[in-house]
Structures are given as C-alpha cells and as structure tokens.
Amino acid sequence: MSTTTTHGVAKGRAAEETPAVPRRRGVRGRTLNFWLFTGPFLIGLAVFVYIPIGWSAYLSFFEARYTVTPSTFVGFDNYAYMLTNEKFTDALVTFTVFAAIVVPITWALSLGLALMVHRIRFMKAFFRSVFFLPTAVSFVAASLIWKMSIFSGVRFGLANTVLSWFGIDNIAWLANPDPPWYWLVILTVRLWLQAGFYMILFLAALQNIPQELYEAAAIDGAKPGWQTLRYVTLPQLRATSTAVILLLLVAAYQAFDEFFNLLAKTTWGRPPLVELYYTALGENQDYGAGSAGAMILTLLICVVTLLQGKIMGFGRGEESK
Amino acid sequence: MSAMSSNWNRRSVLRAAMGLAATGGLAACGSNTGRGGGAGSGVNLVQYFHAYGEAGTEQAIKKYAAAYDKAKVTTQWITGTNFESKLFSALLTDNAPDVFEFHPQIQLVKSGQVADLTDLIEPVKDDFNQADIASHTIDGKIWGVRMIDDPQFFYYRKSMLEDAGIEPPTTLDELVEAAVKLTTDKVKGVFLGNSVTPVMNPLIWSTGANTLDDKNQIAYHTDDVAAGLKKLRTMFKEGHLLLDAPADWWDPSAITQGLVAIQWCGMWAMPVIQKALGDDVGIFPFPTSADGGKPAVTNGGWSMFVNAKSKHLDEAKEYVKWLWIDQKEYQEDWSLSYGFHIPPRTSLAESADKLKSGLAAEGVKLFNEYGNFDNPAWTQAMIVALEGVIADSVRKGGDPEAALDKADKTVNRELKKLFG
C-alpha cells in the first residue's frame, strides 16, 4: 500500500518550457473547467478521506464497541486509554525504529542503483526495467513469497538451504524474535519492492545534471569518482533527495502489509497502523479507542512532517534546485 | 443549436456527466457484494464461510445452497487467515452476510449481531450433543446451530517414536523429553503451530485449570500454567519445535512431508494423513501438565448464525433450518465426505460408520473423554490476550507471570464490559 507519486520531482524544467495556453474562455468557462477537472477528485477526496476522518474524530469521543453509530459520550477516555496502552506506545516506538532504518537504507540503495545504471553503457533499458519491475508487485504477494519460500523456517527454505552449505543450523526467521531476524525479512522485502521506484527518480535527476558542470569540474582538477560525486553530483541531487526522503517517510508511516502478513500473533514488530487495525477491526471491534489512536497518529504525522519541512527546507522554493 | 441556449445546455450536460461520474464511483464501491441484481421474485441471501482446506468443501457448500429453492443463496468463501476480522467488520455494514459461520461468542449476542434461533433448534434439541447446546445457550436462548465438532489433538509417527525408543507422552515433561529425542538434523520433534498459540488452551486445561470459572472470572492464571509455559519455552528455545513451516498447524503437510514427528492438528485432517502415512500414525491428547490435571483435547468446531440485522431475517432463518436442521443427508456429507468432523447431531454421529473404527474411533473417544467445548464467555479479545501470553513468554522468553499479568488486564477489561 505504498501509494507514492512522482510529480514535482525533476520535472520542473519541462513544465517551464511549455508555452502558455492562450486564453479563449471567460471567467465562467474557467470556473466550469476548474470544477469539471477537480470535481470528481474532490468528491472522491471528501467521500473517502475527509468524511472518514471526521467520523473517526467523532467516534473517538464515544464508547463505540461493535458499532460505528455510537450513543455513549465518554469525552477523552479513549485518548487516555490509548496513550497509556503499552501496545500502542510500543507501536509508535517500533515505527520510529523502522523508519530510522529503512529510510536511509532505501535512499542509499536506490541512489547506488541509479548511479550504476546511469553509468552503464549497454543494456541500460534492460537494467532499468529489471530494477523497476518489483515496484509492480503487491506487498502481500511479495510478503508471502518471502515468508513461504525464501525465509521459511524449514530445511528447504531458500535462506536456510544456503546457510546449511556453511553448516549453519536452520533459523526460524519469523517465529523467533530473539535474535530479531524478522527485521531482516521485513527490510529486504521492502527494499526489493521500493528501491527500483526511487532509482527511477534518481535516474531522472541524474540525467538532468548539465554535462558542462562535469566538464568544468574536470578542468578545475576534480578527479572522477568520489570527488566528482561528492562535490558535483550529490549537491545537484539535493532537491530529488529531499523529495525521496519525504516520500520514503510517508511510505514508512503507511507500513502495514508486510508487517500484517509476515508477523502473526506477535506482541512485537507492530507499527501503529497494524496495532490500530487490531484495535478497531480485529478481535476488539473497539472503534472508539481505534479512532482515538488514529487521531493521535495523525497529529504526530503532521508535527513530524512540519518539522521535517523546516529542517530540510522542502518546498522552500527553487533555490535548492 | 441556437446560441441562446447553448450555454445552458453545455452546463446541464456537464452537470449530468459529473453527477454520473460521482454516483458511478460510489455505486462501484458496493458492487461486489455477491448479491444479484435483485430482479425476479426470489430473495437473495449471502452466506460467509472461511476457506476450509479440504478438497471439495467449497463445491459442497455451493451445491447445498443451489439445492435450496426458496431463495438464491450466494456463498462468499473467505480465504486468508483473518476470517474473523473480515466477518466482524462486514457485520457493521449494509453488505453484511445474512448467514455466517463462526464460533459461539457472547459479544455477538450482547451487541445484537446474531438472531435468536431457539425456535429452530428447540424441536430437535434432544438430538444434539448437549455440550454443543450448552455452548450456544446464552440467557436461556440458543443463538447458533452447530454444524461440525472438530476435536484437536496430537498426531504422531509411530515409526519415528519406535526408532527413538519412546512411547506417546502422557505428561508434558515426557513431551519435552520426546521432543529432544525425536529431533534430528532432518526432522523436528514437535509442531505446535508456527505461533505456538493453538496449544495455549489445552495447556490450561491439562493442568486442571480453565479459562474462566463459573462466575466468569479469570481461572487460567495459576502457578501450574506458568510452569507449563516455561516447559513450552524450553522446547522452543532448544530448537525442538518446527517453526515457520510453509503450511501452519491446521494443514497436515508438516507431518505428511516428514518435517516433524509429532504435530498438533485437527480431526479434519485425518483422511489426508492416513492416506499419506497409512498405518504409521497414531493420536494422543495434550498430555497432563500438572498433578491433578488430565489430558486435554480442544473441541472446536463451526456453527451457523443468522445476522440479526439482515433484511431477510425470516428467510435466512428458514434457510438455516432447511440446511442445518432438516437436510440430514447434506449434514452427513459435510461432516464425513471431505475432512473428518464429528456430527453434532447424535443420530448422525451414531450412524456414521466412518467414525466407528480405527483411528477415527480413537479420535471420537478422545473427543468424548478429554474434550473441552467452547465457552461463549471466552471472546475473541480474550483469545488474543492469551495468544499474547504465548508470544511474550514462549517465543520471546519473558517471564510467564508478567505475561499472564498483562493478559489479566485485557481480559478483566473485557469481562467488566460484558458482565459489569
């Protein structure tokens, strides 16, 4: 469920060069066109996003067990319950650990892939496609493959087979949390699925770096390799990097599928969305507490995003390009 | 087309188009409910089933439904491991099933989600296993029709135990010991499910304790249970349990493929296991875990319920009566033709030849002697709380007492909500 969008990344140049469309219609025509184009989207947004959020806010103040049309007002009880609920606070910690690990690794891996594919002289299109293809696989399908064939705990699981060549005993990758091998499974499946997509973003940005910069750097005596990468390429990729990190953070916030499918009946390794799913939709059917948790999570996401914007200067204007 | 009216026309057309787009999108959300168009005179009913593993089960359920002539019955065959979440959330919507299978749990009754079926069952009440009637009776009314009873116990490979020179374990300590002796580099000793949770209740029962007492208060939190959890932890830690198997405990693959010597599974898998292993298989209950305890078997099973908020409540009840009370031929087919289940109808159970000899007869004996039926006051949230105990103490290696204390909090919160 990592819905991510590409717009705004490395496309600014193309947009600027498009000639302005001559105005032919009056104000009324433009208003009509505005609603025509945005209307269906806005309706969808309202019905599927804003109404549920509003409903959720409403539910969070009620005792809502086995119902979404409750009648018992309980004030902030649900909030108090969720904030003192170890499972939920643990989930927030889990997420922080997860994001702190997965974001930099995915960033580095997709940048590395992009640099390699960009450099390659033959079969470029082939490698680009090969690395991008996993993006088209669903998280659920990939999780099942990871769980049942690659990281299966039996002796014929792929990972265990490879380990057995070196005389290492079978490992229960997912069932046994000590040592926490399940992170390896979760991180690799996410990397495999996501790295290709961000590689494409970096590739686009790499192709946008003017060749003159490299020529100028060479004349100034910069050695190809690390020096050029550090002082020419990376600064030129700053805007894309910022966008990629933001998108990765959003995707990490949305983490659900692989945790839900890989870890069954655990008390660990649950990001907030999985925890809230079990609270509201699973065995508890406690929509009040679930909604309160969702509100707390929403607030946290807003704060973190604003902070990140402040620190990294995303959307501050064109000067970062 | 006159210039005067073109503006108006264009706007109205666009408005209509937008309206269509919006309603089309909305209608699409609810389009795949399994209901037909509603044309014609017949009533449409929707029934939910979890995906049974045995070959032919889905076709059988659809065949029974097709044979019913008073309503068109559509089956939703829910795959995946979270049938209960899908069912619970569907029950809150207009697309809820009219009829569904589940286990008797009191919150379904308290929240008004299931209809009273007393008048359906009352005439044939004496022909049901009385334990099944008891587990479906809440506040003097009967809320569901039991379809099948599913005892769960251990299967073991006779040859492997012989080779290791051991008898089927009769105490938990012997099981721990057997696991040590049976584990080789190719075969693990025991399979208790990938999450180890299926044996939580049997462990409690085999110490002589219970999940709840007669007054609906916590009865599982005893020293014996904590000690039993530590023994499970030993097997887990030492690597004598099969873990992360591609097919979980309800599927007989682990034992039929020779991955394990002893597996916790259900009677439903018996035909497949016997076909694969022939005579090289035996069964035994969860062994005694404490002085004063006795071996334990989980008498699970599935029951039919009617959604109390169904728009076709009477028709839905009529269908349940037709299939699960009147059509004995189909009930027998459902119990015995695919996996093995014990029919809850005494008359059917007595005439079931397939359950009268060999291993199946032993299974019935375990069911009768050591079986523990559902307690409707033990709800899904409490089940999950004890799964957390297994996770914390057996898999993670934490202190069983602390894990049980944590579960107590959740269970008490539930009990308070249900019983005040």
Side-chain angles (χ1 to χ4, degrees), chain A residues 28-29 32-33 35-36 39-40 42-44 47-48 63 65-69 81 85-87 140 144 147-149 151-157 160 164 169-178 180-182 185 260-261 263-268 277-287, chain B residues 7 10-11 14 17-18 21-22 25-26 29 81-82 84-86 88-89 91-93 107-108 110-113 185-186 188 193-197 236-237 239 241-248 254 257 259 379-385 387-392 395-397 403 406 410 414 417:
Chain A
R28 187 184 288 171
L32 184 72
N33 280 346
W35 287 113
L36 181 64
L42 285 179
I43 291 171
V47 170
F48 295 109
E63 157 89 35
R65 298 264 293 180
Y66 314 107
T67 178
V68 285
T69 49
Y81 170 68
N85 181 352
E86 252 174 59
K87 286 177 170 180
V140 178
L144 290 180
K147 176 161 124 183
M148 288 159 78
S149 43
F151 289 104
S152 141
V154 293
R155 61 174 186 271
F156 47 75
N160 277 341
S164 70
D169 280 345
N170 290 350
I171 292 176
W173 300 96
L174 293 164
N176 192 348
D178 180 32
W181 286 116
Y182 62 92
V185 183
F260 184 77
N261 284 292
L263 299 173
K265 307 189 189 248
T266 63
T267 51
W268 54 86
Y277 173 88
Y278 284 118
T279 306
L281 295 170
E283 67 282 355
N284 292 311
Q285 296 267 295
D286 193 339
Y287 292 87
Chain B
N7 198 19
R10 191 165 60 213
R11 287 173 90 183
L14 287 173
M18 273 171 63
L26 288 179
C29 309
T81 51
N82 53 341
E84 63 270 7
S85 358
K86 283 175 187 160
F88 288 172
S89 42
L91 284 177
L92 299 175
T93 69
Q107 87 277 6
L108 293 171
K110 294 252 176 187
S111 58
Q113 286 179 324
D185 56 344
K186 292 263 182 275
K188 291 283 185 186
N194 283 333
S195 64
V196 197
T197 53
F236 186 95
K237 193 174 68 187
L241 294 182
L242 178 68
L243 295 168
D244 286 338
D248 211 344
Q257 292 174 358
L259 293 175
T379 63
Q380 198 67 30
M382 304 180 197
I383 293 171
V384 172
E387 287 173 352
V389 170
I390 291 275
D392 283 344
R395 292 169 68 185
K396 211 173 187 178
K406 201 167 121 192
T410 314
E414 287 302 300
K417 285 191 176 178

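Letters A, B, ... mirror the listed sequences (proteins, then strands); counts begin at 1.
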Review point. With side chains defined as the heavy atoms from C-beta onward, is the minimum distance between F88(B) and L108(B) less than 4.5 Å?
Key: yes
Check your understanding: Hey, what do you get for CZ (F156(A)) to OG (S164(A)), rounding to the nearest 0.5 Å?
Key -> 12.5 Å
Exercise for review: Select one option (side chain, backbone, both, neither) describing which atoms of S195(B) are under 4.5 Å from chain A's heavy atoms.
Suggested key: side chain
Check your understanding: Top residue by heavy-atom pair count (under 4.5 Å) with chain B, among T266(A), D169(A), L174(A), D178(A)?
Key -> L174(A)
Practice item. Between chain A and each of Q107(B), R395(B), K417(B), M382(B), count heavy-atom pairs under 4.5 Å; write down the option with the most. Key: R395(B)
Exercise for review: Only counting residues at least two apart or in another chain, list the ones meeting side chain to side chain donor-acceptor pair (under 3.5 Å) with Y182(A).
Suggested key: none
Revision key, fill the gap. Counting heavy-atom pairs under 4.5 angstrom with chain A, the leader among L242(B), D392(B), D248(B), I383(B) is D392(B)
Point to revise | Distance (rounded to the nearest 0.5 Å) between I171(A) CD1 and F151(A) CZ | key: 9.5 Å
Point to revise | Contact leader toward chain A among K186(B), E84(B), Q113(B), where contacts are heavy-atom pairs under 4.5 Å | key: K186(B)
Study note, to complete from the structure: Between G239(B) and K188(B) the two heavy atoms that sit nearest each other are O-NZ, 3.0 Å
Point to revise | Segment of D286(A) engaging chain B (4.5 angstrom heavy-atom cut-off) | key: side chain
Practice item. Tell me, out of E63(A), K265(A), M148(A), E86(A), who's got the most heavy-atom pairs with chain B below 4.5 Å. Key: K265(A)
Practice item. Would you please name every residue forming a ring-ring contact (aromatic ring centres under 6.0 Å, His included) with Y277(A), sequence neighbours left out? Key: F256(A), F260(A)
Point to revise | Contacting moiety of K110(B), where chain A heavy atoms sit under 4.5 Å | key: neither
